[in-house]
Amino acid sequence: MNYLVIVLRLIHIIAGVFWVGSTHINHFFISPTVSATAEAGQEFMAHLVVNAHLSTRIAISAIVTVLAGGWLYEIDSKALTSARRNSGPGLGFGIGGLFAIIGLIFGLIKGKYSRMLENLAVEIRGKPTP
């Protein structure tokens with residue numbers, strides 16, 4: 001087996017696990033807890049997003065996952081000329097890649113608006129200006 005394929009698979013799997021796992025943890029556990037704990041939760045989330053750069057790290061892992069997966073698909077399908085592309089696994093990888101690209105696009109759009117809200121929240125914090 002080719003070393004490039006092994007490295008790409010490791011990158012694809014590790015980045016994908018981080019992407020999906022962190023998104024699910026945020027959606028199912030962190031966001032409800034932040035909502036339930038009012039101001040303390042907002043401070044926690046502000047630190048998590050602004051200082052720990054969680055959304056940036058999730059976006060980077062999503063991009064790396066899609067790029068590594070696309071490269072693996074290109075290697076496996078021999079630049080889309082192989083008959084394997086039309087086989088069951090080839091179609092499965094293609095459909096999975098399509099959904100990953102759609103998820104990446106939606107995530108990046110959501111991240112853009114989240115950053116705008118973060119900047120607004122930073123401006124609102126503190127005492128009101130005259």
Side-chain angles (χ1 to χ4, degrees):
M1 185 177 281
N2 176 331
Y3 288 116
L4 175 64
V5 172
I6 293 170
V7 170
L8 284 173
R9 282 183 181 173
L10 283 173
I11 290 170
H12 181 69
I13 291 167
I14 292 169
V17 167
F18 179 80
W19 177 22
V20 173
S22 60
T23 303
H24 281 87
I25 289 288
N26 190 29
H27 179 75
F28 291 111
F29 298 104
I30 294 176
S31 293
T33 302
V34 167
S35 297
T37 54
E39 195 167 317
Q42 291 173 358
E43 289 179 25
F44 167 77
M45 196 63 178
H47 177 78
L48 187 64
V49 172
V50 175
N51 297 345
H53 305 289
L54 179 66
S55 56
T56 303
R57 292 174 190 211
I58 292 173
I60 289 170
S61 69
I63 291 168
V64 167
T65 301
V66 169
L67 289 176
W71 198 353
L72 284 167
Y73 188 75
E74 192 272 333
I75 290 170
D76 188 49
S77 68
K78 295 179 181 49
L80 301 175
T81 60
S82 171
R84 179 162 163 77
R85 172 178 59 104
N86 295 323
S87 68
L91 289 173
F93 291 147
I95 292 169
L98 179 65
F99 280 113
I101 291 169
I102 291 169
L104 174 64
I105 291 168
F106 279 115
L108 292 176
I109 291 170
K110 182 182 179 224
K112 174 186 170 191
Y113 289 115
S114 294
R115 276 188 293 284
M116 290 169 57
L117 285 173
E118 291 165 20
N119 294 335
L120 183 61
V122 168
E123 289 178 19
I124 292 174
R125 263 203 184 154
K127 297 180 182 178
T129 59

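Along the sequence shown, residues carry numbers from 1. Worth knowing before you read on, the calculation uses all heavy atoms, side chains too, and leaves out hydrogens, waters and symmetry mates.
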| Ser31 side chain to His27 backbone, donor-acceptor under 3.5 Å | no
| Are any of the side-chain heavy atoms of Ile30 and Phe44 separated by less than 4.5 Å? | yes
| field | Sub-4.5 Å side-chain heavy-atom contact between Asn26 and Met45 | value | yes
| query | Can Val7 be reached from Ile60 by stepping across I, L, V, M, F, W or Y side chains whose heavy atoms are under 4.5 Å apart? | reply | yes
| Transitive ILVMFWY side-chain link Leu54 to Phe106, under 4.5 Å | no
| hydrophobic_cluster_shared for Tyr73 and Leu98, side chain cutoff 4.5 Å | no
| said: Hydrophobic clustering (ILVMFWY, side-chain heavy atoms < 4.5 Å, transitive) - are Val66 and Leu108 grouped together? | reply: yes
| Does the pair Ile14 and Phe18 meet the rule for a side chain to side chain contact (heavy atoms under 4.5 Å, CB included), with working shown? | CA-CA 6 Å; Ile14 292 169; Phe18 179 80; 5.8 Å; no
| task | Measure from the side-chain N and O atoms of Arg57 to the backbone N and O of Ala52, and report whether any donor-acceptor pair falls under 3.5 Å. | result | yes
| request: Rounded to the nearest 0.5 Å, what's the gap from CG on Leu104 to OG1 on Thr65? Could you check? | output: 9.0 Å
| Rounded distance (nearest 0.5 Å) linking atom CG of Leu8 with atom CD1 of Ile13 | 11.0 Å
| Contact summary for Ile58 and Ser22, nearest pair of heavy atoms | CG1-OG, 3.3 Å
| task | Calculate, to the nearest 0.5 Å, the distance between atoms OG1 and CZ belonging to Thr23 and Phe28 respectively. | result | 10.5 Å
| Do Trp71 and Ile75 come within less than 4.5 Å of each other through their side chains, counting heavy atoms only? | yes
| Does some side-chain heavy atom of Val64 sit less than 4.5 Å from a side-chain heavy atom of Trp19? | no
| query | If two hydrophobic side chains count as joined below 4.5 Å and joins carry through other members, does Leu72 share a cluster with Ile95? | reply | no
| query | Does Val20 offer a backbone N or O that forms a donor-acceptor pair with the side chain of His24 under 3.5 Å? | reply | yes
